[in-house]
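Quick notes on the structure that follows.
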Amino acid sequence: HPDPAGVLAPAIRAARSAASANGRDLAVVVSLCGTPADPQDRERTAGTLAAAGAHVFLSNAAAARCAVTLASGNSE
């Protein structure tokens with residue numbers, strides 16, 4: 001997709017907002033793959049997703065560690 005973050009960010013914001021309105025917290029963990037040379041601009045994509053409330057990582061391992069921490073109830 002030419003702008004994956006542009007499509008996903010509004011959905012992330014809406015889902016997090018809906019959860020918050022119901023007294024819940026919704027964590028979104030992203031493992032972002034790509035290179036700085038990709039046409040989607042990895043850094044811009046990461047920034048857009050993070051601004052929408054996602055935890056963004058450039059490795060699956062780091063994303064998995066974050067998800068485990070969140071699922072265990074530990075603070076972010």
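- Residues satisfying the side chain to side chain contact (heavy atoms under 4.5 Å, CB included) criterion with Ala61, sequence neighbours excluded, are Ser59, Arg65.
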Under 3.5 Å, side-chain donor or acceptor atoms of residues 6-16 against the rest of the protein: list the pairs with distances, not counting sequence neighbours.
residue	atom	partner	partner atom	Å
Arg16	NH1	Leu26	O	2.4

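- Expressed to the nearest 0.5 Å, how far CZ of Arg44 lies from CG of Asp3 amounts to 5.0 Å.
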TODO: Show your working on side chain to side chain contact (heavy atoms under 4.5 Å, CB included) between His55 and Val28 and close with a plain yes or no.
DONE: CA-CA 6 Å; His55 301 273; Val28 177; 5.9 Å; no
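- With sequence neighbours excluded, no residue forms a side chain to side chain contact (heavy atoms under 4.5 Å, CB included) with Ser20.
- Between the side chain of Gln40 and the main chain of His1, a donor-acceptor pair closer than 3.5 Å is present.
- One finds the CG atom of Leu70 at 8.5 Å from the CG atom of Asp25 (value rounded to the nearest 0.5 Å).
- Across every non-hydrogen atom of Val29 and Ala63, the tightest pair is CG1-O, 3.4 Å.
- With sequence neighbours left out, Asn22 forms a side chain to side chain donor-acceptor pair (under 3.5 Å) with no residue at all.
- In this structure, the side chain to side chain donor-acceptor pair (under 3.5 Å) partners of Ser31, at least two apart in sequence or on a different chain, are Asn60.
- Checking Leu58, Leu49, Thr45 one by one against Val30, the side-chain contact (heavy atoms from CB on, under 4.5 Å) holds for a single residue, Leu49.
- Partners of Ser72 by side chain to side chain contact (heavy atoms under 4.5 Å, CB included), not counting sequence neighbours, listed by chain and number: Asn74.
- Counting all heavy atoms, side chain and backbone alike, Phe57 lies closest to Ala62 at CD2-CB, 3.7 Å.
- Side chain of Arg42 to backbone of Gly34: a donor-acceptor contact under 3.5 angstrom is found.
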